[in-house]
Every structure is written in structure tokens, then in C-alpha cells.
K.L.:
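Okay, here's the structure, questions in a sec.
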Amino acid sequence: MADTVTGPEVLQENDKRVTLKIVVESDGSGSTTVFFDASERHSPTVGGVDSRGALQRIWFACDTGDGGDSHARLDFEDSDGDRPLLGLVGTGYWDFREFGGLPPSTDANTNGDINIVIPSQADDGNMYTVVAEFVKTGTV
């Protein structure tokens with residue numbers, strides 16, 4: 001079996017920003033899904049090439065299905081091992097715009113993608129909904 005993943009869906013996109021939504025229903029085995037795909041984010045403002053994303057705002061709900069563990073994580077995809085960007089527990093909204101957002105990884109081993117990781121400790125039926133706004137910045 002595998003987690004049921006709906007998205008990521010583009011809610012809004014222009015030359016400078018993209019807002020994405022993803023919904024994951026866990027089957028209890030865990031999963032990693034590309035959420036911000038740098039190869040899909042092209043921007044004339046950064047030369048028309050693939051763009052990295054600086055996380056500006058995020059809305060999330062990590063709710064239990066059968067009363068067990070319900071947390072998720074956003075990771076920078078990295079060939080030396082993914083690196084955590086943000087942990088998501090419960091339900092919330094964070095706004096990072098005041099200081100320019102959480103910057104993208106500029107490590108040489110990253111491809112610019114950001115993954116949503118549902119841990120293997122997640123119980124069957126747990127639901128994860130994430131909506132995030134990114135500013136396109138830099139090139140991959």
C-alpha cells in the first residue's frame with residue numbers, strides 16, 4: 001500500500017510567487033513527496049530558468065486518524081541526505097514575510113526541491129493538509 005497523495009496543486013502562480021496545496025492520507029507506512037518542484041517553477045524575473053523557493057507563509061493541519069502520531073516535516077531535497085526545513089505538528093499558520101521568508105537551500109547538493117515527509121510512525125488514516133506560499137528566488 002501507499003499513502004494517498006492529492007497534489008501538489010497550484011492554487012496561484014505568477015512570475016514571482018507560487019501557492020501550493022497538498023493533502024496526504026497516511027496508510028501507516030510513511031512517504032516522501034515533492035511539494036515544491038524547482039524544475040516546474042520557471043520565472044522570467046530570474047532569467048526564465050528553474051527557480052528555488054523561499055517559504056513565505058504556511059497553513060497546515062496534521063490530524064490523527066486513529067489517535068496516534070501525527071506530525072510531518074518539510075525537507076530540502078539533498079543528494080547527501082534530505083535536510084529538515086520545518087516541522088509541522090497539530091494545526092497552524094506561520095508567516096515569515098516580515099524577514100523575507102525562510103530562504104531556499106543553496107547547498108551544492110540540492111536540486112531546489114522541497115519535500116513533504118510523512119514519517120513511518122504515522123498511523124493509518126492520519127490526514128495532512130498543507131498550503132504554502134513561496135517566492136521564486138535564484139536559480140537551481
Side-chain angles (χ1 to χ4, degrees):
M1 290 184 57
D3 288 355
T4 302
V5 179
T6 305
E9 175 184 352
V10 175
L11 299 178
Q12 180 275 335
E13 184 168 18
N14 59 36
D15 292 346
K16 297 179 182 181
R17 298 182 182 277
V18 62
T19 303
L20 303 170
K21 178 186 94 169
I22 194 165
V23 178
V24 180
E25 181 178 357
S26 177
D27 70 349
S29 65
S31 65
T32 298
T33 304
V34 175
F35 183 45
F36 180 94
D37 185 344
S39 67
E40 295 293 319
R41 308 277 77 86
H42 307 290
S43 174
T45 60
V46 290
V49 296
D50 301 351
S51 300
R52 297 178 191 269
L55 180 62
Q56 301 299 297
R57 297 187 286 176
I58 187 166
W59 299 259
F60 60 93
C62 302
D63 296 319
T64 59
D66 65 359
D69 295 323
S70 64
H71 57 280
R73 198 175 65 234
L74 293 183
D75 282 0
F76 295 115
E77 190 169 303
D78 192 295
S79 61
D80 285 341
D82 292 355
R83 293 178 297 111
L85 166 62
L86 197 61
L88 307 174
V89 178
T91 301
Y93 166 72
W94 289 331
D95 188 338
F96 306 111
R97 295 175 296 173
E98 184 173 326
F99 54 88
L102 298 180
S105 175
T106 56
D107 187 82
N109 297 318
T110 187
N111 61 7
D113 290 352
I114 297 173
N115 298 327
I116 183 167
V117 179
I118 309 303
S120 59
Q121 297 89 347
D123 292 316
D124 186 17
N126 286 5
M127 292 292 295
Y128 304 87
T129 302
V130 178
V131 175
E133 176 186 55
F134 298 88
V135 166
K136 298 174 184 178
T137 178
T139 58
V140 176

K.L.:
Might you point out which heavy atoms bring Ser31 and Val24 nearest each other, and give the distance in Å?
P.N.:
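That closest heavy-atom pairing would be OG-CG1, 4.3 Å.
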K.L.:
Tell me whether Leu86 is reachable from Ile114 by hopping between hydrophobic residues (I, L, V, M, F, W, Y) whose side-chain heavy atoms are closer than 4.5 Å.
P.N.:
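The answer is yes; both residues are in one hydrophobic cluster.
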K.L.:
Taking C-beta and beyond as the side chain, do Arg41 and Val10 meet within less than 4.5 Å on heavy atoms?
P.N.:
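Sidechains of Val10 and Arg41: in contact.
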K.L.:
Among Phe35, Trp94, Tyr93, exactly one meets ring pair (Phe, Tyr, Trp, His ring centres under 6.0 Å) together with Phe60. Which residue is that?
P.N.:
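Single pass found, and it is Trp94.
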K.L.:
Look up atom CD1 in Ile118 and atom CG in Leu88, then write down how far apart they are to the nearest 0.5 Å.
P.N.:
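One finds 8.5 Å between CD1 of Ile118 and CG of Leu88.
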K.L.:
Indicate yes or no: at least one non-hydrogen side-chain atom of Thr6 is less than 4.5 angstrom from one of Ile22.
P.N.:
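Answer no - side chains too far apart.
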K.L.:
A side-chain contact here means heavy atoms from C-beta on lying under 4.5 Å apart; do Glu40 and Val18 qualify?
P.N.:
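Heavy-atom side-chain distance check fails, nothing below 4.5 Å.
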K.L.:
Please enumerate all residues that pass side-chain hydrogen bond (donor to acceptor under 3.5 Å, both in side chains) together with Asn115, with sequence neighbours excluded.
P.N.:
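Partners of Asn115 by the side-chain hydrogen bond (donor to acceptor under 3.5 Å, both in side chains) criterion, ordered by chain and then number, come out as Glu77, Asp82.
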K.L.:
Please collect all salt bridge (Lys or Arg N to Asp or Glu O under 4.0 Å) contacts where either partner lies in residues 87-99, sequence neighbours excluded, each pair once.
P.N.:
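Counting only pairs at least two positions apart or across chains, the salt bridge (Lys or Arg N to Asp or Glu O under 4.0 Å) contacts touching residues 87-99 are Asp95-Arg97.
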K.L.:
Which value, rounded to the nearest 0.5 Å, describes the distance between Thr33 atom OG1 and Asp113 atom CG?
P.N.:
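That separation rounds to 12.0 Å.
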K.L.:
Counting N and O atoms only, with roles assigned by atom type, does the side chain of Gln56 sit under 3.5 Å from a partner on the main chain of Ala54, one being a donor and the other an acceptor?
P.N.:
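Answer holds: yes.
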K.L.:
Apply side chain to side chain contact (heavy atoms under 4.5 Å, CB included) to Pro119 and list each qualifying residue two or more places apart in sequence or on a separate chain.
P.N.:
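Checked Pro119 against side chain to side chain contact (heavy atoms under 4.5 Å, CB included); matches are His71, Gln121.
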K.L.:
Just wondering, do Asp15 and Lys136 contact through their side chains at under 4.5 Å, heavy atoms?
P.N.:
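A side-chain contact under 4.5 Å is absent here.
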K.L.:
Do Pro104 and Thr137 have side chains that get closer than 4.5 Å, going by heavy atoms?
P.N.:
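Side-chain contact under 4.5 Å: yes.
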K.L.:
So, using side chain to side chain contact (heavy atoms under 4.5 Å, CB included) as the criterion, who are the partners of Val131 when residues are at least two apart?
P.N.:
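Once residues adjacent in sequence are excluded, the partners of Val131 under the side chain to side chain contact (heavy atoms under 4.5 Å, CB included) criterion are Leu11, Thr19, Lys21, Trp59.
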K.L.:
Given side chains that start at C-beta, do those of Ile58 and Leu74 come closer than 4.5 Å, heavy atoms only?
P.N.:
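With C-beta onward as the side chain, the pair touches.
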K.L.:
Using ring-ring contact (aromatic ring centres under 6.0 Å, His included) as the criterion, list what pairs up with Phe76, not counting sequence neighbours.
P.N.:
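Once residues adjacent in sequence are excluded, Phe76 has no partner under the ring-ring contact (aromatic ring centres under 6.0 Å, His included) criterion.
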K.L.:
I need the minimum non-hydrogen distance between Asp78 and Arg83, along with the two atoms involved.
P.N.:
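Residues Asp78 and Arg83, closest heavy atoms: OD2-NE, 3.4 Å.
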K.L.:
Would you give the length of the straight line joining atom CZ of Arg17 to atom CD of Glu133, rounded to the nearest 0.5 angstrom?
P.N.:
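If we round to the nearest 0.5 Å, Arg17:CZ and Glu133:CD are 4.5 Å apart.
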K.L.:
For Phe36, enumerate each residue passing the ring-ring contact (aromatic ring centres under 6.0 Å, His included) test, keeping only those at least two apart in sequence or located in another chain.
P.N.:
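Phe36 satisfies ring-ring contact (aromatic ring centres under 6.0 Å, His included) with Phe134 only.
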K.L.:
Could you pull out the closest heavy-atom pair between Leu55 and Ala132, with the gap in Å?
P.N.:
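In this case the closest contact between Leu55 and Ala132 is CD1-CB, 3.8 Å.
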K.L.:
Are side-chain N/O atoms of Ser29 and Asp27 paired as donor and acceptor at under 3.5 Å?
P.N.:
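Yes, side-chain donor-acceptor contact under 3.5 Å.
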